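This one's a predicted model, so the numbers in the text were calculated from it and none came from an experiment. Per chain, numbering begins at 1; letters A, B, ... match sequence-line order.
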Amino acid sequence: MDNQFSQWEVFIQKKNGAAHEHAGSVHAADKNMALQNARDVYTRRNEGRSIWVVPTDSIVASTIEDEVVFFDPANDKIYRNPNFYKMPKGTTNL
Amino acid sequence: MNSTNNALYNYCLRLADNNLILGQRLAEWCSQGPTLEEDLALTNISLDLIGQAESFYEFATTFTEANCTADDLAFLRSEREFVNNVLVEQPNGDFAYTIMKQFLFSTFAKHLYTALANSSNQTICGLATKGLKEVNYHYMHSSQWLIRLGNGTDKSKEKIQFAANDLWCFTKDMFEMNSVDTLLIEQNITINLSTIYTPWKNDIEQVFKIATIDLPTDTNKIIGGIKGIHTEHLGHILCEMQYLQRAHPGAKW
């Protein structure tokens, strides 16, 4: 794949105030091309109102090997979830 | 049919034919694009243009006494009845050639639609305003590719310069006018195309400069589109595009 442009990760914001969510990736030679490719590949059916593109190289990711060390300790700490409060009457979205 | 309706019919066909033929040309790139992303970009632009064509054909049908549909206008007229500019019917060539053709046309469309957004005819005004958003993207996409290719490798520079030199003689056709324009200009429905020539040329010069492309010096001009006189390529496009309706009249899916 030596002749491919470099890879960029695409994040789309669906509506005002919402978080930008990862949509996928594109190949592009520069940032303008990355933004336009992301627009053409991921928002053709009016899926978004704002796009971020990030060079894939710039993303630091945890590895599968780290999984146990990173996440297992949270398994048995149920008190970290706010499950022990009584919900006020009529509250549906807390 | 009164003369204004007749002129509006003809003018809408011009706008529609330009969009349809360039849209059909771009659709030829489907699955042939240099990358997956660019394949989608070119066919997205194609769909934008075909959508614009459909709207202008729909509007054209309101000015003819013949009982015809937008589809009839697209699929049942012959080469001499098409009034698109000769630029848009030119073959795709390589990617640089396609992008140059797109850029030369989109720059023209950008200025034309900007002017038509002030048309005294409400529908033309509305369609131009709506189309302008798409055209601005086409302009952005093609101009950035021009800059990229012009400043890329020796080979990409050579190809984009060749495209500019080769297509230049077809650009004059976009600014040709006839009695249709005279009549519609009087009523402020459309504009004198010579007023957008300088803004068009300025944009071209500005982008060419950044892209290090020399402005072509070719003084030849190949014109005739609005009279239905075309280069040899239009017949071949229609042959492919209209085949199904010609072979199976009225076929639907």
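- Here the two rings, on F108(B) and F175(B), have centers that are under 6.0 Å apart.
- Remark: side-chain polar atoms of S106(B) are not paired, donor with acceptor, to backbone N or O of F103(B) under 3.5 angstrom.
- Proximity of the aromatic rings of F95(B) and W145(B) is defined here by a centroid distance below 6.0 angstrom, and this criterion is met.
- Proximity of a side-chain donor or acceptor of D17(B) to a complementary backbone N or O of V83(B) within less than 3.5 Å is detected.
- Between the side chain of T212(B) and the backbone N or O of N151(B), no donor-acceptor pair lies under 3.5 Å.
- Heavy-atom neighbours of chain B within the stretch residues 31-42 of chain A, taken at a separation under 4.5 angstrom, comprise N32(A), M33(A), Q36(A), N37(A), R39(A), D40(A), V41(A).
- Side-chain atoms of Q242(B) come within 3.5 Å of backbone atoms of R77(B) as a donor-acceptor pair (strictly under, hydrogens ignored).
- No donor-acceptor pair closer than 3.5 Å links the side chain of S119(B) to the backbone N or O of I124(B).
- Q245(B) places no side-chain N or O within donor-acceptor distance of the main-chain N or O of L76(B), the cut-off being under 3.5 Å.
- Judged by distance alone, with hydrogens and angles left aside, the side-chain atoms of T43(B) form no donor-acceptor pair with the main-chain N or O of S46(B) at under 3.5 Å.
- Of the residues listed (L167(B), L22(B), N85(B), I21(B)), the one engaging Q90(B) in a side chain to side chain contact (heavy atoms under 4.5 Å, CB included) is L167(B), and it is the only one.
- Residues of residues 29-40 of chain B placed with any heavy atom under 4.5 Å of a heavy atom in chain A are listed by number as T35(B), E37(B), E38(B), L40(B).
- Residues forming a side-chain hydrogen bond (donor to acceptor under 3.5 Å, both in side chains) with Q13(A) (at least two apart in sequence, or on another chain): R49(A).
- Listed in order of number, the residues of residues 153-166 of chain B that approach chain A to under 4.5 Å between heavy atoms amount to none.
- Between Y137(B) and D48(B) there is no side-chain heavy-atom pair separated by less than 4.5 Å.
- Looking only at distances, no side-chain donor or acceptor of D203(B) sits under 3.5 Å from a matching main-chain atom of W200(B).
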